[in-house]
Amino acid sequence: PAVWVQYGYAIVNADPRGIFASEGDIQYFGTTDAQDGYDTIEWIAAQPWCSGKVAMSGDHWYAIEQWFIAAQQPPHLCAIAPAEGHGNFYVDETVRGGIPRLDPSARSRSYSTHGAKIEDICEMAKRYPLYNEYWADKTADFSKISIPAYVTASWTQTYHSRGTFEGFRQIASKDKWLRVHDIGEFIDFRKPENILDLKKFFDHFLKGVDNGWEKTPRVRLATLDPGGENLTNRPRESFPQTNQTICRAYLRADGTMQPQPVPQADQVAYQADDSQSVATFTMAFSR
């Protein structure tokens, strides 16, 4: 509010079911959450202090929710700005790579003042290690999102990178922009220059301000240079880039990845259910 109200925006932070004093039990995304979001958007639009145009913004959990709610197509939702948020709870987080995540940290804390229950995601991963209707309900339908979108991503937020890029690629919006940054998601989200950039996007689509936003490069990438200086805000016309070259990398038992196929069968083993052991493979690039 300290940032946005001065620019003529009203901020609404809604407590989902079960959170703080909100009634009900806590859901992990899915249809119920999305439909509640739809109702919230439409309630906001009907308030006397609202112009009738509503947008969503936020990172991490607050980005994931945007995919699900926007796919419900609330009539008064005019734009979204998801930053670092996947849209597939099964693939990107809970049963990633086919391995159920069963450690206690996989459970979100219950921010409730009235003892609301919360889904036991670890138990559900045990019961349903394969994709089924339960997990399908926790997968956003990107194809149903057609409103303007300002998507922020990074190469390094391992929970969200794949899903955020997938969301940008699959949404049906003709007005969509992607910015890839090189720092922590919460730091990037709060940088003054990025807030002003987002304000320009919202001003254009919520207030109808002719501020030249449409001339903003559709894709702005960051190139990471370990040990050197990162290059940021590199304008591109599309993502994936048309001039990129896709290369295969083959895992080897010595812990490397090589461009040549493995000459004979081999194996690497690790403890898959202690939440600590890993198998690591490294590939070196000359440039």
Side-chain angles (χ1 to χ4, degrees), residues 57-64 81-88 91-93 96-97 99 101 103 105-106 150-169 176-198 200-201 216-263 266-272 274-287:
S57 176
D59 54 6
H60 206 78
W61 188 294
Y62 309 101
I64 299 172
E84 304 266 6
H86 61 67
N88 190 319
V91 168
D92 286 302
E93 192 159 342
R96 191 168 194 174
I99 301 173
R101 183 182 175 203
D103 60 292
S105 66
Y150 179 132
V151 181
T152 308
S154 75
W155 310 115
T156 54
Q157 220 297 11
T158 54
Y159 275 151
H160 300 306
S161 292
R162 192 209 71 86
T164 309
F165 287 118
E166 200 70 10
F168 174 79
R169 293 176 64 182
K176 60 180 181 179
W177 286 263
L178 172 69
R179 183 174 60 81
V180 183
H181 65 82
D182 65 336
I183 54 178
E185 59 182 308
F186 297 107
I187 300 173
D188 177 83
F189 189 74
R190 288 164 175 79
K191 289 185 71 173
E193 58 267 36
N194 295 335
I195 291 173
L196 291 177
D197 198 52
L198 183 58
K200 189 175 181 180
F201 168 77
T216 302
R218 291 301 179 116
V219 177
R220 288 172 286 175
L221 295 183
T223 299
L224 307 184
D225 182 13
E229 184 177 350
N230 296 341
L231 303 177
T232 59
N233 288 316
R234 303 182 69 190
R236 294 293 184 268
E237 290 301 317
S238 63
F239 184 87
Q241 295 183 84
T242 56
N243 64 343
Q244 69 181 11
T245 302
I246 303 296
C247 303
R248 290 184 179 275
Y250 296 88
L251 308 181
R252 293 178 178 262
D254 64 359
T256 64
M257 291 188 293
Q258 301 292 343
Q260 298 81 23
V262 180
D266 209 335
Q267 68 178 25
V268 172
Y270 70 100
Q271 186 79 15
D274 67 355
S275 302
Q276 296 180 349
S277 303
V278 297
T280 301
F281 301 88
T282 301
M283 187 172 188
F285 295 87
S286 60
R287 62 185 178 88

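The model shown is predicted, which means the values in this text are computed figures rather than measured ones. Sequence positions, counted from 1, serve as the residue numbers for this chain.
From Asp92, atom CG reaches atom OG1 of Thr164 across 8.0 Å, with rounding to the nearest 0.5 Å. In this structure, the separation between CG on Leu224 and CG on Leu231 is 9.5 Å, given to the nearest 0.5 Å. Here Leu221 contributes atom CG and His181 contributes atom NE2; the two are 12.5 Å apart, rounded to the nearest 0.5 Å. Between the OG atom in Ser238 and the CD atom in Gln244 there is a gap of 8.5 Å [rounded to 0.5 Å]. In this structure, CG on Leu198 lies 6.0 Å from OH on Tyr150, to the nearest 0.5 angstrom. In this structure, Glu93 CD and Tyr159 OH are separated by 5.5 Å, a value rounded to the nearest 0.5 Å.
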Problem set entry | side-chain contact (heavy atoms from CB on, under 4.5 Å) evaluation trace for Asn194 with Arg179 | CA-CA 10 Å; Asn194 295 335; Arg179 183 174 60 81; 3.6 Å; yes

Exercise. Could you walk me through whether Glu193 and Leu196 pass the side-chain contact (heavy atoms from CB on, under 4.5 Å) check?
Worked result: CA-CA 5 Å; Glu193 58 267 36; Leu196 291 177; 5.8 Å; no

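By the 4.0 Å N-to-carboxylate-O rule, Asp197 lies close enough to Arg220 to be salt-bridged with it.
Shown here for Arg218 and Glu237, the closest heavy-atom pair between the two residues is CB-O, 4.1 Å. Closest non-hydrogen pair, Phe281 versus Thr256, comes out as CD2-O, 3.8 Å. Counting all heavy atoms, side chain and backbone alike, Gly58 lies closest to Phe189 at CA-CZ, 3.7 Å. Closest heavy-atom contact between Val268 and Arg252: CG2-O, 4.4 Å. The two atoms that bring Gln267 and Ala253 nearest to each other are O-CB, 4.0 Å, heavy atoms only. Of all non-hydrogen atoms in Tyr250 and Pro259, the two that sit nearest each other are CE1-O, 3.4 Å.
Contact annotation: the side chain of Val91 never approaches that of Arg96 to less than 4.5 Å [non-hydrogen atoms, C-beta and beyond]. Proximity of Arg248 to Pro261: side-chain heavy atoms (C-beta onward) are nowhere separated by under 4.5 Å. Put simply, the side chain of Phe165 reaches to within 4.5 Å of the side chain of Leu178, judged on heavy atoms. Residues His160 and Asp59 fail the side-chain proximity criterion, which asks for heavy atoms closer than 4.5 Å.
Both the sub-6.0 Å distance and the 45° axial angle are satisfied by Lys176 relative to the ring of Phe168.
Between the side chains of Arg236 and Gln241, at least one donor N or O lies within less than 3.5 Å of an accepting N or O. Side-chain contact check for Glu84 and Gln157: no donor-acceptor pair (N or O, by modelled atom type) lies under 3.5 Å. Looking at Asn230 and Thr232, their side chains never bring a donor and an acceptor atom within 3.5 Å of each other. A donor-acceptor contact closer than 3.5 angstrom links the side chains of Arg234 and Thr223.
Taking a 6.0 Å sphere around OH of Tyr62, one finds it holds 12 or fewer heavy atoms contributed by other residues, nucleotides or ligands.
The distance between the ring centers of Trp177 and Phe239 does not fall below 6.0 angstrom.
Checked by atom type and distance alone, the side chain of Ser161 pairs as donor or acceptor with a backbone atom of Ser154 at under 3.5 Å.
Here the options are Thr152, Val180, Asp182, the test is side chain to side chain contact (heavy atoms under 4.5 Å, CB included), and the partner is Asp188; only Thr152 passes.
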